[in-house]
Amino acid sequence: MEINNLSLYYTLECGQTFRWRRTSDCSYFGIVEENAFIIRQHGNIFEITSTESDVEEWARRYFALDIDLNNILLEIDRDEHIHKAIKSCRGLHILRQEAWETLASYILSANNNIPNIKRMVENLSQRLGERREIEGYSGFTFPSPSAILKNKDIVNKCRLGFRCDYLIKAAEMIREERIELVKISRLSYEECREELMKIMGVGGKIADCVALFSFGMYEAFPVDVWIRRIIRNLYFSNNKVSNREIRHFAMRYFGRYCGYAQEYLYCHYRLNKPEGITSQTVEQAQGI
DNA sequence: GTCCAGGAGTGAT
DNA sequence: ATCACTCATGGA
């Protein structure tokens, strides 16, 4: 299918999802909900192979192709810093990911790094998810709350550290319907954030990640150590400033699509200056 | 051995 | 409200 202005590299490797693997020929293999996918990009032509029947409909939803990305980027393009990030991460879309997996993954992200988060998510999936295969690649679905609760002993062996209890308590809240993610997704952003923060192990940052990366609430601005550094450096002359102040500043400064500003800044400052990824690799992965 | 990683809970002030 | 401390794990 033809999709304009979508970069698989920036979209799948900017850190919003932990479930995609770049293959040797720079296509991507991943499991999303119940299905396995392989996506190949040649410029603006995307070849999607999947166990899912309607891949075009899936892609429209998952990559949020209904949004007007150019208009969003125009609105957040406030100065030369963000302008540079927008230009360098061309084609980065914020995904609409499944809510439970997103919540669980970001609970595991606390005081953790991306390779280790990926390892933990993969560990859980291998042990408690269902196997899916496509074109010789295989992976596992992310375990449901009930699958996790039926196998707490196995969860305890997944090396989740202090986050293990948080994950199990969150799964209990979901199963007991004390938290209903579908309902929460329909609330206003502020109410949504408040509800998510009732979950043990979910503070403001993780609530914002779920709101942004699952519910498409672009007014959310998650503040992690990297975005904190970036904002402090670019807009506060490295002066002392709290995470709350950073968040309020960014929401006011970038406006209703500040979540996109957050992701472009994060991606630009992390992914475009990576160790181990040469610019050549980047270009290959971009499908140039 | 030390420091850091897409933080959050707890308790003291 | 804001601080300091702690939490388990793996990599540099």
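Letters go in sequence order (proteins before strands), and every chain restarts at 1. Quick caveat: nothing in here was measured; it's all calculated off a predicted structure.
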> What integer distance in Å separates A/Leu160:CG from B/dG7:P?
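Roughly 16 Å, once rounded to whole Å.
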> Between atom CZ in A/Phe162 and atom C1' in C/dT6, what is the gap in whole Å?
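Going from CZ in A/Phe162 over to C1' in C/dT6 covers 9 Å.
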> Report the distance from atom CG of A/Asp224 to atom P of B/dA5, rounded to the nearest whole Å.
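After rounding, the reported distance stands at 9 Å.
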> Go through B/dG9, B/dG7, C/dT2 for me and flag the one nearest to the A/Lys205 side chain.
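Taking heavy atoms from C-beta onward, the closest nucleotide is B/dG7.
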> Considering heavy-atom distances to DNA chain B, does A/Val202 or A/Cys14 have its closest nucleotide positioned more toward the 5' end?
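So the residue in question is A/Cys14.
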> With a 4.0 Å cut-off, would you call A/Arg193 and A/Glu190 a salt bridge?
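No.
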> So A/Gly15, base contact, sugar-phosphate only, or nothing? Heavy-atom distance under 4.0 Å.
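Result for A/Gly15 = base.
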> Whole angstrom is fine here: how far is it from OH in A/Tyr266 over to C1' in B/dG7?
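The answer, rounded to whole Å, is 13 Å.
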> Round to a whole Å and report the spacing from CZ of A/Arg163 to P of B/dA5.
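Going from A/Arg163 (CZ) to B/dA5 (P), I get 13 Å.
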> Are the charged groups of A/Arg40 and A/Glu135 less than 4.0 angstrom apart, N to O?
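Between A/Glu135 and A/Arg40 there is a salt bridge, with a charged N closer than 4.0 Å to a carboxylate O.
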> In terms of side-chain geometry, is the basic nitrogen of A/Glu172 or A/Lys152 positioned less than 4.0 Å from the acidic oxygen of its partner?
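Yes, A/Glu172 and A/Lys152 are salt-bridged.
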> State plainly whether the residues A/Arg96 and A/Asp66 are in salt-bridge range, i.e. N to O under 4.0 Å.
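The answer is yes: the pair qualifies as a salt bridge.
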> Nearest whole Å is fine: how far is B/dA8 C1' from A/Ile199 CD1?
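Value for this atom pair: 13 Å.
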> Measure the distance from CZ on A/Arg159 to P on C/dG11 and round it to the nearest whole Å.
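Spelled out: CZ on A/Arg159 to P on C/dG11 is 10 Å.
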> Nearest-Å distance, CZ (A/Arg247) to P (B/dG7)?
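About 16 Å, once rounded to whole Å.
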> Test for a donor-acceptor pair under 3.5 Å between the base of C/dA8 and the side chain of A/Asn112, counting only N and O atoms.
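Answer is no: no donor-acceptor pair is held.
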> Could you please name the option among C/dG10, B/dA8, B/dC4 that lies closest to any side-chain atom of A/Arg119?
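When the side chain of A/Arg119 is considered, C/dG10 is the closest of C/dG10, B/dA8, B/dC4.
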> For A/Asn113 and A/Gly203, take the nucleotide of DNA chain B holding the closest heavy atom to each; which residue's nucleotide lies nearer the 5' end?
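Result of the comparison: A/Asn113.
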> Identify which nucleotide among C/dA8, C/dG10, C/dT2 has an atom closest to any side-chain atom of A/Arg244, counting heavy atoms from C-beta outward.
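Nearest to the side chain of A/Arg244 among the choices is C/dT2.
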> Would you mind checking if A/Glu101 and A/Arg19 are paired as a salt bridge, meaning a charged N to carboxylate O distance below 4.0 Å?
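Yes, charged N to carboxylate O under 4.0 Å.
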> Which one, C/dT9, C/dC7, C/dC3, comes nearest to the side chain of A/Asn116?
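For A/Asn116, the side-chain atoms sit closest to C/dT9.
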